[in-house]
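These notes concern the structure reproduced below.
Counting starts at 1 for both ligands and their atoms, in listed order.
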Amino acid sequence: MQKIGSVQRVCEIFRLKIHAGELSPGEKLSSTRALASDLGVSRSTVVTVYEQLVSEGYIETAHGSRARVSLNLPHPAKAHRPSLKPIPSEQRKLSAYGRRTSALKLPVTPEIKPREINFLYGAIADEDFPRLMWRKIYNQALMKRQSSLYYAAPEGAAELRSELQGYLLRARGLSCSQEQIIIVQGAQQAIDLCARLLVEPGSEVLMEEPCYLGARLNFEAMGANVSPITVDEQGLMCDQLPNVKNALVYVTPSHQFPLGSVMSISRRRELLAWAARNRCWIIEDDYDSEFRYGLKPVQTLQSLDVDGSVIYIGTFSKTLSPQLRLGYLVLPAELVKVFRQAKQLTDRHTPSPDQLVIAQLIQSGAYERHIRRVRRANETKRAVLIEAIQKFLPKRVEVEGTASGLHIVVWLEDFQIEDEPNLIARAKAIGIGIWSITPLYSAGDKLRRKKCAGLVMGYAGLTPTEIKKGVARLAQAIQQN
Ligand SMILES: Cc1ncc(COP(=O)(O)O)c(C=O)c1O
């Protein structure tokens, strides 16, 4: 039996000798019989080696004569050889977008260690993913026979878009046609499509300060002029919006990220009027409105919009799992075609079986029951976190943004902004993961209301016991000061 390994090895010896000039063009090679005996391999191995080298253009054979090194090979000095030193990157050209992306300081995706208590924002509890239900419905979706397997429509599965239309009306009072909905790979892809289709180098993008880094960095990669706008307890301060034409505004009105304020109805109307007057787009990122405790979620900007200014983004990252990479856009009618085309160019479409599972979950009522259960669980965790902060942390602490969502902001009034890295390192040393709010500000502390150290504390990924233990240990780290 011929060994593939030995064929590859012998081929490589010939290639290296030819590249090194040890075998020159036109030079005759040993007969297959002689080479097989020299190398101690079978003759059929040598025949395969020669055939392979002929197909690669290294050698030539003619009937009745011995194989020889190809005459058409480039001079050995110029021939390609694997080089140990890569060509310096500045000698190859990245696009302007590539250069900007390369220069950005993206946060490293943290790895959560098994015994660490990590107040990582964006994590959800493993038991909050409806695993068994998902598996059952996924199996059913997978077993459904199709006449053949071909790409699906870029806008996503009709079943999911239809179910979402009903869900958005029930849950958010948002009324849209199925055609306005495009399924995407998470809010991040929705933001990326908006950036690529609506922003160009020098475009004005107005963002809340502080804001969601995943959006800001995306707009910066596009070369946008990103300007921070202050937020207060009523959300974005619309009277501070400049009168610029054709800008884009990115907002999180249902739950300002990260501070947690809810945009008041008067501000919502003010923002919509400003956008219509200036021919601007508004991105409404409704990333966690399912987790509003007590009161019903507030009305969306999309449902108040009569001018077609609002691009609404939703995600399944908080209600199911961030690892699913599933979300959706609700677009003004005039943007549907271009977004559908860009989605097709990006990745053809979002994976279909996952979409069918969510459609089935919504249709059966299981999705909304699941949300109610997870909301109750997170309400308990939030209460435990606030109680633990009051019990263990120093008195001069202010907690912000507790009415909804899966995180809170904690201001440590006895510490300076510059103390944050030290606090984080001390907490890390005793197995506690905490996260500074500072990277979410783009303009230093200019528009920062609290000029003291601040933390964004996510709690959805932890159990109530871990939360209590984590805050008690965090208090130790703080007291080491
Ligand atoms: C403001 C905001 N938007 C969107 C997302 C979710 O993005 P994705 O759907 O890409 O997971 C997050 C997640 O952490 C967020 O904080």
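Here the NE2 atom belonging to H349 is positioned 13.5 Å from the CD1 atom belonging to I182, to the nearest 0.5 angstrom. In this structure, R325 CZ and D347 CG are separated by 11.5 Å, a value rounded to the nearest 0.5 Å.
Residue contacts with ligand 1: Y250 is included, with a non-hydrogen atom under 4.0 Å away. Residue contacts with ligand 1 do not include Q189, since none of its heavy atoms lies under 4.0 Å from the ligand.
The nearest pair of heavy atoms linking E270 to D239 is OE2-N, 3.5 Å.
For the pair D285 and ligand 1, the shortest N or O to N or O distance falls below 3.5 Å. Checked by distance only, ligand 1 and Q188 come closer than 3.5 Å through their nitrogen or oxygen atoms. Between Q185 and ligand 1, no pair of N/O atoms sits closer than 3.5 Å.
Residue H407 is tested with F291, Y459, F257, F119 for a ring-ring contact (aromatic ring centres under 6.0 Å, His included); the sole match is F257.
Contacts between Y121 and ligand 1 below 4.0 angstrom, taking non-hydrogen atoms only, involve the side chain exclusively. Contact annotation for P322 and ligand 1: no heavy atom of the residue comes within less than 4.0 Å of the ligand.
For D232 and R267, the salt-bridge test passes: some basic side-chain N is under 4.0 Å from an acidic carboxylate O. Using a 4.0 Å cut-off between a side-chain N of Lys or Arg and a carboxylate O of Asp or Glu, E413 and K450 qualify as a salt bridge. Checked for salt-bridge contact, K395 and D414 miss the test: no charged N lies under 4.0 Å from a carboxylate O.
Less than 4.0 angstrom separates some heavy atom of G186 from each of these atoms of ligand 1: 9 (O), 10 (O). Counting the atoms of ligand 1 from 1 in the order shown, those under 4.0 Å from a heavy atom of R325 are 8 (P), 10 (O), 11 (O).
Taking 4.5 Å as the limit, some side-chain heavy atom of I283 sits within range of a side-chain heavy atom of F219.
Shortest contact from atom 5 (C) of ligand 1 to any protein heavy atom: Y212 OH, 3.7 Å. Ranking protein heavy atoms by distance to atom 11 (O) of ligand 1, first place goes to S317 OG, 2.6 Å. In this structure, the protein non-hydrogen atom closest to atom 13 (C) of ligand 1 is K318 NZ, 3.0 Å. In terms of protein heavy-atom proximity, atom 7 (O) of ligand 1 is nearest to A187 CB, 3.5 Å.
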Report the C-alpha separation of R196 and T346 in whole Å, then their side-chain angles, then the decisive distance to 0.1 Å, and conclude whether the side chain to side chain contact (heavy atoms under 4.5 Å, CB included) test is met. CA-CA 11 Å; R196 284 194 283 143; T346 305; 3.0 Å; yes
